[in-house]
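Have a look at the structure below before the remarks.
Below, chains carry the letters A, B, ... as their sequence lines are ordered, and counting in each starts from 1.
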Number of protein chains: 2
Amino acid sequence: MDVKHVGLREIKKRMTRDAIAAAALKLAEQKGLNEVTVEEIAREAFVSPRTISNYFASKEEAVLAAGDLGIEKVLDEFSSRPSDEPPLRALRELLSDYAREHPDHLRGASKMTRLEQLNPTLRPHRIAREVEMVEMLSARVAARTGTSVTSDLYPSVVASAAMTAMITSLAIWSREELSDESLPRLIEDAFNMMTAGYPMTRQEPRTTDAPVETSSP
Amino acid sequence: MDVKHVGLREIKKRMTRDAIAAAALKLAEQKGLNEVTVEEIAREAFVSPRTISNYFASKEEAVLAAGDLGIEKVLDEFSSRPSDEPPLRALRELLSDYAREHPDHLRGASKMTRLEQLNPTLRPHRIAREVEMVEMLSARVAARTGTSVTSDLYPSVVASAAMTAMITSLAIWSREELSDESLPRLIEDAFNMMTAGYPMTRQEPRTTDAPVETSSP
DNA sequence: TGCTAGATTGCGGGACATGCAAAAATCCCG
DNA sequence: CGGGATTTTTGCATGTCCCGCAATCTAGCA
């Protein structure tokens with residue numbers, strides 16, 4: 001009586017939800033989110049405007065739902081790792097692996113970043129979602145290390161570092177239009193930088209202003 | 001012709017702005033932000049509702065403006081430091097000093113955290129402001145170290161780490177209702193944890209659950 | 001098939017953000 | 001000191017949005 005019986009109900013619910021999100025994203029990409037009304041989204045998704053309000057608190061959240069990172073799984077994998085392993089090492093592995101295995105998904109998520117620059121209204125909501133992730137991750141880190149989220153710095157600081165590694169890697173990867181293979185490297189670099197205590201990088205020869213190579217093969 | 005002539009105009013502008021923010025904060029503390037209309041805020045601040053829209057894009061931003069961290073100055077001080085000093089060391093000094101010298105101001109900012117838990121609508125906006133700070137700081141770090149915000153991980157990662165140190169310290173300091181003197185220590189601890197490469201802290205004796213000492217001298 | 005719980009819809013009200021133009025306040029220079 | 005120029009404040013009107021409520025429709029199950 002809990003999460004059992006994934007009946008047609010739940011399925012259809014998720015379908016309409018996805019339909020709404022997809023419609024919102026599509027229209028936002030076409031015209032810019034400000035020029036899109038919920039009524040249009042409703043038509044595009046074959047639902048009533050009222051229904052949209054039932055699923056999302058705002059247009060923004062609808063759009064955001066379409067470009068989700070899908071990292072929840074990573075969280076679970078993290079928890080089922082040997083707990084004597086340093087959290088940041090585990091997260092480095094998990095996140096770079098994730099980037100290796102789902103580049104397409106992350107391409108989608110980075111499209112969202114573009115959209116965001118075009119529609120500033122999206123920013124607050126997207127960032128809020130990130131912070132939610134950080135909080136969930138903090139809880140797991142705390143559980144793993146026997147520390148407290150409310151009174152110890154450690155879990156939040158570590159979780160935030162991991163998310164930062166992911167996000168800034170994604171940002172650079174997207175801005176520079178790099179290849180799929182380079183994202184995992186970026187993520188690992190970011191984590192390494194952190195676990196090395198943020199050494200001042202007297203510019204490495206390549207990163208400064210000369211592009212690695214032309215990105216297209 | 002730039003920032004000169006701080007005429008009566010500019011002064012009054014800032015005054016009304018502050019008045020609006022203060023009014024919004026006061027009412028939000030009383031009734032919860034959702035139960036407060038812009039019209040009420042307008043009455044409380046002796047302005048027209050329309051004027052509020054001239055200054056802030058939403059109620060939320062008005063409230064937020066009242067609990068600002070006021071770290072802009074720190075940014076400037078950061079830029080005028082010897083640039084051979086590692087950024088995180090400089091920021092550790094600057095931010096812990098800031099906490100030492102303006103605990104009252106930070107108390108105010110931490111009140112905002114409480115309000116936020118009561119009014120979830122505030123979260124996105126507040127976090128967005130934090131990210132703005134990170135971006136400004138990233139730019140300064142980049143300028144300092146000769147790296148690029150758009151193509152190097154370093155500046156964003158460092159800036160984000162610093163802001164994380166500040167924010168999580170504030171959060172714990174506020175939740176645990178610690179003394180004024182313990183905030184700078186927390187901040188320094190956070191930075192030290194980072195520059196030490198996030199060692200797994202098998203709980204240090206004091207931070208876990210025993211308060212440092214009674215806060216009153 | 002028929003009953004029940006859950007989902008969708010329509011309607012209506014309250015609130016907000018924004019453009020525009022008029023009115024008030026401030027500034028600057030003669 | 002005074003009057004024109006500039007900026008800020010204000011009122012009004014419009015379009016949109018969010019949400020509560022009640023009615024309708026649909027899936028689930030006996």
Side-chain angles (χ1 to χ4, degrees), chain A residues 1-24 27-28 30-65 119-125 128, chain B residues 1-24 27-28 30-65 119-125 128:
Chain A
M1 299 190 181
D2 260 331
V3 202
K4 309 196 310 184
H5 264 218
V6 257
L8 214 164
R9 265 202 171 123
E10 328 261 338
I11 292 180
K12 202 174 184 187
K13 217 154 139 50
R14 170 147 294 169
M15 277 182 55
T16 57
R17 184 188 166 88
D18 291 351
I20 294 173
L27 293 177
Q30 285 179 4
K31 311 163 55 176
L33 184 56
N34 314 1
E35 314 305 318
V36 179
T37 82
V38 287
E39 200 178 344
E40 290 178 276
I41 302 177
R43 271 196 295 274
E44 181 79 19
F46 300 100
V47 286
S48 137
R50 186 63 182 83
T51 300
I52 294 187
S53 286
N54 284 343
Y55 281 91
F56 303 101
S58 62
K59 292 188 287 184
E60 286 78 13
E61 300 209 0
V63 177
L64 268 276
N119 306 78
T121 322
L122 285 175
R123 286 198 85 205
H125 297 84
Chain B
M1 298 195 178
D2 259 330
V3 202
K4 309 198 309 184
H5 263 218
V6 258
L8 215 165
R9 265 196 171 131
E10 328 260 339
I11 293 180
K12 203 175 184 187
K13 218 153 137 51
R14 170 149 293 169
M15 278 181 53
T16 57
R17 185 188 166 87
D18 290 352
I20 294 173
L27 292 178
Q30 286 179 2
K31 312 163 56 177
L33 185 55
N34 314 359
E35 314 305 317
V36 179
T37 80
V38 287
E39 199 177 345
E40 290 177 277
I41 302 176
R43 271 197 294 275
E44 182 79 20
F46 299 100
V47 287
S48 136
R50 185 63 182 80
T51 300
I52 294 186
S53 287
N54 285 341
Y55 281 91
F56 303 100
S58 62
K59 292 187 288 186
E60 286 77 12
E61 301 208 1
V63 178
L64 268 277
N119 306 77
T121 323
L122 286 176
R123 287 197 83 209
H125 297 84

Exercise. At under 4.0 Å between heavy atoms, what does Phe56(B) touch on the DNA or RNA strands: base, sugar-phosphate, or nothing?
Worked result: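 No contact.
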Listed nucleotide nearest any side-chain atom of [X], set [options]:
{"X": "Lys12(B)", "options": "dT26(D), dC18(D), dT26(C)", "value": "dT26(C)"}
{"X": "Thr51(A)", "options": "dT9(C), dC17(D), dA17(C)", "value": "dT9(C)"}
{"X": "Arg50(A)", "options": "dA17(C), dT10(D), dC11(C)", "value": "dC11(C)"}
{"X": "Lys59(B)", "options": "dC16(C), dT8(D), dT10(D)", "value": "dC16(C)"}

Value in whole Å for how far the [atom2] atom of [N] lies from [atom1] of [X]:
{"X": "Lys13(A)", "N": "dG6(C)", "atom1": "NZ", "atom2": "C1'", "value": "9 Å"}
{"X": "Asn34(A)", "N": "dG19(C)", "atom1": "CG", "atom2": "C1'", "value": "15 Å"}
{"X": "Asn54(A)", "N": "dC25(D)", "atom1": "CG", "atom2": "P", "value": "17 Å"}
{"X": "Phe46(A)", "N": "dT26(D)", "atom1": "CZ", "atom2": "P", "value": "17 Å"}
{"X": "Met15(B)", "N": "dT9(D)", "atom1": "CE", "atom2": "C1'", "value": "15 Å"}
{"X": "Arg14(B)", "N": "dT9(D)", "atom1": "CZ", "atom2": "C1'", "value": "19 Å"}
{"X": "Glu39(A)", "N": "dG15(D)", "atom1": "CD", "atom2": "C1'", "value": "11 Å"}
{"X": "His125(B)", "N": "dA17(C)", "atom1": "NE2", "atom2": "C1'", "value": "12 Å"}

Problem set entry | Residue whose closest nucleotide on DNA chain D lies nearer the 5' end, Val36(A) versus Val47(B) |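 Its nucleotide being nearer the 5' end, the pick is Val47(B).
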Exercise. Start at the 5' end of DNA chain D and walk down; is the nucleotide closest to Tyr55(B) or to Ala57(A) reached first?
Worked result: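 Comparing both residues, the 5'-ward one is Tyr55(B).
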Exercise. Do Glu39(B) and Arg43(B) meet the salt-bridge criterion of a basic N to acidic O distance under 4.0 Å?
Worked result: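 Answer for the salt bridge query: yes.
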Exercise. Quick one: is Thr16(B) getting a side-chain N or O under 4.0 Å of the dT9(D) phosphate, OP1 or OP2?
Worked result: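 Yes, because at least one side-chain N or O of Thr16(B) sits under 4.0 Å from OP1 or OP2 of dT9(D).
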Problem set entry | OP1 or OP2 of dT16(D) under 4.0 Å from side-chain N/O of Thr37(A) |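 For dT16(D), neither OP1 nor OP2 has a side-chain N or O of Thr37(A) closer than 4.0 Å.
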Out of curiosity, [X] [atom1] to [Y] [atom2], how far, rounded to the nearest 0.5 Å?
{"X": "Lys13(A)", "Y": "Asp18(A)", "atom1": "NZ", "atom2": "CG", "result": "12.0 Å"}
{"X": "Lys59(B)", "Y": "Leu33(B)", "atom1": "NZ", "atom2": "CG", "result": "5.0 Å"}
{"X": "Ile41(B)", "Y": "Leu27(B)", "atom1": "CD1", "atom2": "CG", "result": "6.0 Å"}
{"X": "Glu35(B)", "Y": "Asn119(B)", "atom1": "CD", "atom2": "CG", "result": "9.0 Å"}

